[in-house]
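Heads up: numbering here begins at 1 and tracks the sequence. Since this is a predicted model, take the numbers as computed values, not measurements.
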Amino acid sequence: QWYQRRVHGKQWYQRRVHGKQWYQRRVHGKQWYQRRVHGKAKVPLLVTPGTEQIRATIARDGIMAPIEAAGATVLAAACGPCCGVWDREGSTTMGRNSIAHSYNRNFLSRHDGNPDTHAFVTSVEMATVWAFAGSLNFDPRTDDIDGFRFTAPTGKYIPPDGFDPGEDTYQRAADDPDSVQLAMDEDSERLKLLEAFNKWDGEDVEDAAVLIKARGKCTTDHISPAGMWLRFRGHLDNISNNLLIGAINDENGAQNSVRNAVTGAVGEVPDVARDYKARGKAWVVVGEENYGEGSAREHAALEPRHLGGRAVITKSFARIHETNLKKQGVLPLTFVNSEDYEKVQTADNVSLAGVTALSPGSILTLRAHGAEIPLQHSLNEEQIEWFKAGSALNAMKEAFSKSARVA
């Protein structure tokens, strides 16, 4: 019963979240209605319904019409510009510019791929007002537009007529999924079937290279930038060409420029990683605090695994990225003494001892330049099985196969 109450509580929370989105759209609708008779938005304006349910509800309740009448573009109910899926025309050549949005992140280049775009996070109300004013200097409390002044928005959190579920787009899985064959163009640049990662070889990691020692902040946008790259999100090999291209190399202070530990040549990070993989040489990444902060971008963990990465060693991790690395069979390790970060550098040859004795709470050793650097981890028993199997998906498949044999 407690579990049922908890589930009901979660469902209520989801409804409350939906209610807030509906309220925001209702605010949008009211502000657009106020301004509609005085003209349209002066700058491009994008509106993203959070879900299909919200889109259908605001359309039913008459909120969508004034939004579209004001010249806004209503996007699909998806992440959109928040995660960089925004085909912003001319963004890469427009130079320094500003956008205002109510999404929750504004990392460099996140929304449109342009590092010169200044992204200001604000409320839905202010984003709407500035669209009509065409200026970030506009204060709706004191300023007017040709004699017109906005009134403070009001609204209800929950639509009086409830939510419209919208279109039912759910597609049930086949009863016999093994019988389904996916037809896919082998020459496609955007889609490619995933191949299972190899199992752990049962050995410690010897003679590995430090692909890059990342300096300072290294978010998931530094590890796997969004923008134009997201068109390859269904093709792991192609999207891996953006691996760590935004990270700052501590050795030279540059982005996407690292020294190859084998050849000594300087190249782009993905190219050097591919060279190591082709040679059968393991590699690791070294980072600082809160490595992998930002969105739960799965590709930021998939890409290093795909290109042969064995471990990521940092002062600390962002929680979600740390878990994502575990799921893909990459060891997320942290320095026991954070100052040991200074003892390794890009292109160093290092080894990892203690992998064969990996257990909850165990200490591993990073060997570099004759020093033995203690490392810790947060893997539990189940997550260690993920690592041994090669990934969480591999472990799940093994578990299902065993249960099927028993049945």
(request) For side-chain contact (heavy atoms from CB on, under 4.5 Å), just list the numbers for H369 and D348, CA-CA rounded to whole Å, side-chain angles, deciding distance to a tenth of an Å, and then say yes or no. (result) CA-CA 8 Å; H369 304 294; D348 281 353; 2.7 Å; yes

(request) For a side chain to side chain contact (heavy atoms under 4.5 Å, CB included) with I99, tell me which candidate from V43, L46, L136, T117 qualifies. (result)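 When V43, L46, L136, T117 are each tested with I99, the side chain to side chain contact (heavy atoms under 4.5 Å, CB included) holds only for T117.
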
Shortest non-hydrogen contact from [X] to [Y]?
X: L211; Y: A273; value: CD1-N, 3.8 Å
X: N394; Y: F197; value: ND2-O, 2.8 Å
X: S378; Y: Q383; value: O-OE1, 3.6 Å
X: L333; Y: H377; value: CD2-CB, 3.8 Å
X: L325; Y: P332; value: CD1-CB, 4.1 Å

Should the pair [X]-[Y] be classified as a salt bridge under the 4.0 Å nitrogen-to-oxygen rule?
X: D271; Y: R274; answer: no
X: K343; Y: E372; answer: no
X: R55; Y: E52; answer: yes
X: K281; Y: D275; answer: no

Between the side chain of [X] and the main-chain N/O of [Y], is any donor-acceptor distance below 3.5 Å?
X: T122; Y: H101; answer: no
X: N97; Y: G95; answer: yes
X: D61; Y: I58; answer: no
X: S391; Y: F387; answer: no

Min side-chain heavy-atom separation [X]-[Y] under 4.5 Å:
X: S240; Y: F232; answer: no
X: D161; Y: T57; answer: no
X: K199; Y: K388; answer: no

(request) Identify whether NZ of Lys or CZ of Arg in K213 sits under 6.0 Å from the centre of the six-membered ring of Y341 and within 45° of that ring's axis. (result)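 K213 over Y341 ring: yes.
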
(message) Check for me whether K315 meets the cation-pi criterion with F335, that is, NZ or CZ under 6.0 Å from the six-membered ring centre and within 45 degrees of the ring axis.
(response)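 Negative - K315 is either too far from the ring of F335 or too far off its axis.
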
(request) Report the residue from E298, E303, R305, H306 that forms a side chain to side chain donor-acceptor pair (under 3.5 Å) with Q328. (result)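 By the side chain to side chain donor-acceptor pair (under 3.5 Å) criterion, Q328 pairs with just one of E298, E303, R305, H306: E298.
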
(message) What verdict does the salt bridge (charged side-chain N to carboxylate O under 4.0 Å, His left out) test give for E288 and R215, after you've listed the backbone C-alpha separation in whole Å, the side-chain angles of each residue and the deciding distance to 0.1 Å?
(response) CA-CA 7 Å; E288 293 204 65; R215 180 195 301 173; over 6 Å; no

(message) Using the rule given for side-chain contact (heavy atoms from CB on, under 4.5 Å), can you reason through I313 versus L366, listing the C-alpha separation, both sets of side-chain angles and the distance that settles it, and then say yes or no?
(response) CA-CA 9 Å; I313 306 165; L366 177 68; 4.0 Å; yes

(request) Apply side-chain hydrogen bond (donor to acceptor under 3.5 Å, both in side chains) to the pair E206 and S351, showing each step before the final yes or no. (result) CA-CA 5 Å; E206 300 289 346; S351 297; 3.2 Å; yes

